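Let me begin by presenting the structure, written as structure tokens, before commenting on it.
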Protein chains: 2
Amino acid sequence: MEARSDVLRQGEVPSVAHVLLHGHTCRYRLLSDGRRQITAVLLPGDMCDLEAVMRGRADYGVGALTTCILGEIPAERVADPTTLDPEMSRALWRRLLRDEAISREWLVRIGRRTALERVAHLLCELRVRVDAIGLAVAEEFDMQFTQVEFADILGMSTGHIDRVLQQLCRTGLIALSRGVITVLDMPTMEMVAGFDPSYLRAA
Amino acid sequence: MEARSDVLRQGEVPSVAHVLLHGHTCRYRLLSDGRRQITAVLLPGDMCDLEAVMRGRADYGVGALTTCILGEIPAERVADPTTLDPEMSRALWRRLLRDEAISREWLVRIGRRTALERVAHLLCELRVRVDAIGLAVAEEFDMQFTQVEFADILGMSTGHIDRVLQQLCRTGLIALSRGVITVLDMPTMEMVAGFDPSYLRAA
DNA sequence: CGTAAGGTTGAATTTGCTCAATCTCGGTGG
DNA sequence: CCACCGAGATTGAGCAAATTCAACCTTACG
């Protein structure tokens, strides 16, 4: 799947559920005038559109942030959770519950944190999640978000995103080089973000 | 249960799941410095803390917005969804999926809508939800939120909430009297909010 | 009455946005 | 090798939105 292409378009009736195997995707909602809010960032192992499949309609789109590899599960296999193998069912519940916890934290982040805290908090979350699936290389993690994507995740404008990243850079918390962000000082970053990772634990 | 009291405190290990039978409650997250974000408003029929029970820990609190009546379900009965009666299991899934859809919409609302749109959108959502459970009396609905609560739902300050409500009042879209908001012109309100109710449908 | 909780108001200030110009850097074709 | 192109990043000025804070008002209720 190509970077920047849609895995699922908002409003579609999905016929397969996608498991992300490699790369990054996001869920997003578009308003009629083009405003976009990214509501989730998916990493390898995550289900891209389980809720849409179960509800039989996508009220969000799923977009590929990078080139990625997706697994497909026929909708019938997961549409009715009561017909699933118990182990599978439990696994899906766990995922959904974790998604919900993350989504709740995103709401708090956008609603009640300052711009600086938001950016720092997002970086902390991604750091922990990337780490958890064994993809972090030292303190560096390869999140090739454009500033537009950052902005649409955090409910901010690109200009402001840029200024905040600069600020984090000047303070020595991160290093920037061509879109690759390296977190230099995770402890301070967590302090700045007011980050508590407990919402990310599996179950 | 008293208005303003906690049904579940953030961080607790819940031993029962609560079904709201009468009144309104909300889920909220507190930051260490006291900032609060309300992440959900619950109406009669809603489960207050199902996710917390299933995850075995509450990363959010549940507060009573009004005096309310709650049903209790022992945690063991719902903690493991695979041991449930299939009909019950399906029902819980549906609820969780709807909660998720609402939560996603809240994220979009806070992240990408203007203050005016936010207030209008919230009013539209509540109107539809109250309606769906048969509690709306004409165009009036009895949502006794304080402005603090409004602010904590929408990620704004109370001062600004007040000004926006005034504006809606001046435009003739709502009437205010003693905290009771009456929506006078729902169609225009939906227009102003950019409201699309499809995310609220049951399944 | 008196009190407390919540609502309202205004001024000063901060925060963040818009928009257009400029820059950077990795291609690409000559 | 080099000029050019396009996507994205960066910058600044001006502006709009929202916050803060303190003062004041209103209402419910004991």
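Here the structure is a predicted model, which means the values were calculated and not measured. Computed from heavy atoms alone, side chains included, the values below leave out hydrogens, waters and symmetry copies. Here is how names work: the chains are called A, B, and so on, in the same order as the sequence lines, proteins then strands, and each is numbered from 1.
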(Q) Keeping B/Arg29 on the side-chain end and B/Asp59 on the backbone end, is there a donor-acceptor pair under 3.5 Å? (A) yes
(Q) Any non-hydrogen side-chain atom of B/Arg90 less than 4.5 Å from a side-chain atom of A/Asp80? (A) yes
Q: For the pair B/Tyr199 and B/His121, name the ring-plane relationship: parallel under 30°, tilted 30 to 60°, perpendicular over 60°.
A: parallel
Q | Side chain B/Asp49, main chain B/Ala52, donor-acceptor under 3.5 Å | A | no
Q.
So if I take every side-chain heavy atom of A/Gln147 and compare against C/dG7, D/dT10, D/dG12, which nucleotide ends up nearest?
A. D/dT10
**Q.** Distance-only donor-acceptor test (3.5 Å): side chain B/Arg163, base C/dG7
**A.** no
Q | 5' precedence on DNA chain D between B/Ile161 and A/Leu165 (nearest-nucleotide basis) | A | A/Leu165
Q: Map A/Thr158 and B/Arg113 onto DNA chain D by nearest heavy atom, then report which one ends up closer to the 5' terminus.
A: A/Thr158
**Q.** From C/dC17, D/dT19, D/dG8, nucleotide with atom closest to A/Met156 side chain
**A.** C/dC17
**Q.** Side-chain N,O (A/Gln166) to OP1/OP2 (D/dT11) below 4.0 Å
**A.** yes
Q) Counting side-chain heavy atoms from CB outward, which of C/dG16, C/dT8, C/dG6 is closest to B/Thr146? A) C/dG6
Q) Any idea which of D/dA9, C/dT18, C/dG6 is nearest the B/Arg4 side chain? A) C/dG6
Q. Atom CG of A/Leu65 to atom P of D/dG8: distance rounded to whole Å?
A. 12 Å
Q. Between B/Arg112 and C/dC17, does any side-chain N or O lie under 4.0 Å from OP1 or OP2?
A. no
Q) Between D/dT19 and B/Arg35, is there an OP1 or OP2 to side-chain N/O distance shorter than 4.0 Å? A) no
**Q.** Atom-to-atom span, NE2 of B/His160 to C1' of C/dG10 - whole angstrom
**A.** 15 Å
Q.
Tell me the interatomic distance from A/Asp162, atom CG, to C/dG16, atom C1', rounded to whole angstroms.
A. 14 Å
